[in-house]
Amino acid sequence: MSQQFTPLTRPQMAGQVAEAIPSGWYVNLGIGIPTLVADQVPAGREVIFHSENGILGMGPAPAAGAIDPWLINAGKQHITLRTGGSFFHHADSFAMIRGGHLDLCVLGAFEVAENGDIANWATSVQDTAPAVGGAMDLAVGAKRLWVVMEHQTKDGRPRIVKRCSYPLTAMAAVSRIYTNLAVIDVTPEGLRVAGMIDGLDFAELQNRTEAELIRA
Amino acid sequence: MSQQFTPLTRPQMAGQVAEAIPSGWYVNLGIGIPTLVADQVPAGREVIFHSENGILGMGPAPAAGAIDPWLINAGKQHITLRTGGSFFHHADSFAMIRGGHLDLCVLGAFEVAENGDIANWATSVQDTAPAVGGAMDLAVGAKRLWVVMEHQTKDGRPRIVKRCSYPLTAMAAVSRIYTNLAVIDVTPEGLRVAGMIDGLDFAELQNRTEAELIRA
Amino acid sequence: MIDKRVRSVAEALSGIHDGATVLVGGFGAVGQANILIEGLIEHGARDLTVVANNAGYGRVGLARLLEVGRVRKLICSFPRIVGSTIFETLYKAGRIELELVPQGTLAERMRAASAGIPAFFTATGAGTQLAEGKETREIDGRTYVLEQALPGDVAIVEAWRADRWGNLTYRSSGRNFNPVMAAAGKLTVVQTQHMVELGEIDPETVVTPGIFVDRVLHVPYGDPTG
Amino acid sequence: MIDKRVRSVAEALSGIHDGATVLVGGFGAVGQANILIEGLIEHGARDLTVVANNAGYGRVGLARLLEVGRVRKLICSFPRIVGSTIFETLYKAGRIELELVPQGTLAERMRAASAGIPAFFTATGAGTQLAEGKETREIDGRTYVLEQALPGDVAIVEAWRADRWGNLTYRSSGRNFNPVMAAAGKLTVVQTQHMVELGEIDPETVVTPGIFVDRVLHVPYGDPTG
């Protein structure tokens, strides 16, 4: 009995996250799907984006021909600065991160465990030159850590697991998970489903999830 | 057999210190006699003075009628800023101090011990509201700590002692002592006399000093 | 729209609770948000712990707050300056507690709080009475003291310019502890000489980015005196 | 007269010894003092430990220095970016050592070095492979890792404006690690786009005060590329 549902696209996932960010929050977006969030914040809602390399008030990509070669974000993409933005150095930038001043960080992940552990920086330390960037600082430092990722891997293995198999980025850090199938809150009682896409039922969602889920 | 000598005045002591500061040094001056050093740096010699409250390039007192009420030094006196000066906050200011970036700090003291211990912030913790300011940070942080003080107290007790009787500001921190009678280097071998005022002989200097002195 | 501007001292200080730790910027008479500090009297919070470099002077600002008995404890590097008679009187009478902290350690403990660092080692104070009872460690032959972060429930700071996002600049030696405390307060309240439009402060010259600021009150009082 | 201006790359880099730890500013292609970094090749120092956020890109600057085999060890947060093929080749061949450090911990370890703090606690990395073998401590129910200061024998930074005292400003995202490294280097060497007269930089807007700077070389190369 196959169900009728259409998993969200990556922009749709990012759109769900964007809808949930209130005006006035300071937010850092990781690379990948999280980067797409900035473009989908509803018009008129002021959200201030932070970039690890010393920027508050990061704006959208510049128009072609209007690139400032001195202004890049943590993903090394050319960006703009909004009116009211500011520059500071890396130690101050990570003091903001580590000191709990960001309301939210949105990261991609390979895996999230039922206790909120996140693995997003390496599949194995051995096989290639590893890179961690600011992920570990962001994961422990922001007031809230939301993960946005596909619910399963391309070959159908669950990403929401009892215990991460990949190297950890941070312990018990994730507070909410947005996937192409559902929105799930990490609570002291466990993973509580806050929403599912149309046509998907709880049993099918659980079927695609290693960790145990709690009905909303 | 009374000797013929005239102890240095406070401005003369400060002048000796000023003469010994090379061009290009970054220097913090404590309150009291050290403050007098700034005015006696030879003309044309660029020495950059630091003030704990976030100033590099502190200049002399302003002319009457030209006071900037926003510009004070650590002693709460109105000052001027030299061309090339800069402002920064207190954490950065003490990072400069604690991180070993100042070439020299000149402090007054109640006592200096033969191992370089300095006592300059309190005569007793009990009897009045104690105040320490930046003395402890300066004493441990600057590359060199020179003390300038009267060789003896007003009632004739030695200030250069085997072991400080007053509460310590820092352990083994002083590298040179300027008094109204002599200049003394604190060395691994002990207190070495680098100079004495005219008419004073070594025995008389030792007589006025509790710690053992070494002839130059 | 983000708008951190408030219209009254009462609005600026609302929600500060009895027993709060209040970081008070300024050094000497320069850079002290006296209107907000004195506003705490009207506000009524009691049993405060105040962190400030000095203990106030004359009968204004912090000295006034001490005088009316709202401060249980002062964490301070230099309480004894000319004109700090109110503090000295209270201290001698045993009516106020004092935690004396070296000035650089005071600044760094707040900087640590703002940066998510619960504790750090420093050579300052090692072997002195101010390190008694504190953990120490030998590192490369030198003795260091372990110092704890010092966060504030509230920071009260003075700025020269501010905009509606809370971006701040300071003036001359009015900078002092203000940016450090702005970043270390859970609630940061600013008294600013000039309120400017968003964008008027060059992004390269913002000293305190608005992320550290919650409320801004325009108080064009002029020059510091005293 | 204090004059930190130097007239050649050779003069800027003189005295750097084999085995030195070199802090290299920049983030991505912005704010990298490539003329000085490549000058290290001509200079000849070997067996270097380089601290940098990235491992260079293309075949310029740091990537070039790696390619000619002068770097024994890289301390870095993100060596794997588009165009970092030289590092990856060396790393896979076992010809370069890598110490991977979270980006904020990297910045803070250098900030600590500049501030006389030998070690500090941070939550970053707790419970991960990057904290293995490191001292940890529970503070208020949270696990923290003790991290060590990371000083440089040399810092190589890029500025936008500089004067003869070594006061610096930066441009836009070219600021990044540069001020942190300028303060953490025992010898700090600057490549600046603009050399200005003393006093042209507003004292309120100096980002790196000259006390942290030893030598300044004027290199008006234009905009970053890559």
Side-chain angles (χ1 to χ4, degrees), chain B residues 21-28 41-59 68 70-71 73 79-105 134 136-143 145 170 173, chain D residues 1-6 23 107-120 149-153 155 159 161-170 179-188 195-216:
Chain B
I21 302 176
S23 177
W25 273 19
Y26 293 87
V27 178
N28 184 294
V41 173
R45 194 186 291 176
E46 275 195 341
V47 173
I48 298 181
F49 291 105
H50 172 272
S51 184
E52 292 95 303
N53 55 327
I55 304 167
L56 266 178
M58 181 168 55
D68 174 354
W70 291 85
L71 188 47
N73 65 10
I79 53 162
T80 51
L81 187 75
R82 290 183 54 195
T83 299
S86 54
F87 298 115
F88 33 86
H89 64 56
H90 245 86
D92 281 350
S93 183
F94 279 84
M96 284 178 201
I97 292 170
R98 211 185 311 97
H101 303 283
L102 294 176
D103 295 289
L104 172 65
C105 175
M136 288 188 179
D137 312 276
L138 285 161
V140 304
K143 284 179 190 148
L145 174 62
Chain D
M1 192 179 86
I2 297 170
D3 190 355
K4 298 180 179 180
R5 293 171 295 185
V6 294
L23 314 180
E108 190 64 18
R109 287 178 61 193
M110 289 186 280
R111 193 269 173 190
S114 77
I117 292 169
F120 61 92
L150 178 56
D153 296 305
R161 291 188 300 163
D163 63 30
R164 68 174 171 86
W165 277 16
N167 292 310
L168 308 180
T169 67
Y170 304 89
V180 183
M181 290 176 167
K186 287 187 197 76
L187 173 72
T188 292
M195 192 75 84
V196 301
E197 291 301 309
L198 203 64
E200 279 191 56
I201 305 177
D202 178 350
E204 300 281 6
T205 70
V206 169
V207 177
T208 293
I211 191 171
F212 296 122
V213 171
D214 297 285
R215 299 172 189 164
V216 183

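So that the names make sense, note that chain A is the first sequence line, chain B the second, and so on, each numbered from 1. Small disclaimer: the values here were computed from a predicted structure and weren't measured.
- Of all heavy-atom pairs between B:Met96 and D:Pro209, the closest is CE-CG, 3.6 Å.
- Most heavy-atom pairs under 4.5 Å with chain B: of the set D:Gly116, D:Gly166, D:Pro151, this distinction falls to D:Gly116.
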TODO: Go through the steps to decide whether D:Glu204 and B:Phe88 satisfy the test side-chain contact (heavy atoms from CB on, under 4.5 Å), and finish with yes or no.
DONE: CA-CA 8 Å; D:Glu204 300 281 6; B:Phe88 33 86; over 6 Å; no
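- Ranking D:Ser114, D:Ala184, D:Ala149, D:Gly199 against chain B, the residue ahead of the rest is D:Ser114, based on heavy-atom pairs under 4.5 Å.
- For the atom pair CG of B:Asp92 and CD1 of D:Ile211, the computed distance is 11.5 Å after rounding to the nearest 0.5 Å.
- Across D:Asn167 and B:Ser86, no two heavy atoms sit closer than the pair OD1-OG, 4.2 Å.
- Across all non-hydrogen atoms, the minimal contact from D:Arg111 to B:Ala95 is NH2-CB, 4.3 Å.
- With a 4.5 Å cut-off on non-hydrogen atoms, D:Ala183 touches chain B through its backbone but not through its side chain.
- Neither the backbone nor the side chain of B:Arg45 comes within less than 4.5 Å of any heavy atom in chain D.
- Closest approach of D:Trp165 and B:Tyr26 over heavy atoms only: O-OH, 3.8 Å.
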Open item on the list: side-chain contact (heavy atoms from CB on, under 4.5 Å), that's the test. Do B:Ile48 and D:Ile2 meet it? Break it down for me.
Closed with: CA-CA 9 Å; B:Ile48 298 181; D:Ile2 297 170; 3.5 Å; yes
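- Across D:Val206 and B:Gly85, no two heavy atoms sit closer than the pair CG2-O, 4.4 Å.
- Here the NE2 atom belonging to B:His101 is positioned 11.0 Å from the NZ atom belonging to D:Lys186, to the nearest 0.5 angstrom.
- Among the candidates B:Ile55, B:Leu56, B:Leu81, the single residue satisfying the side-chain contact (heavy atoms from CB on, under 4.5 Å) test with D:Pro203 is B:Leu81.
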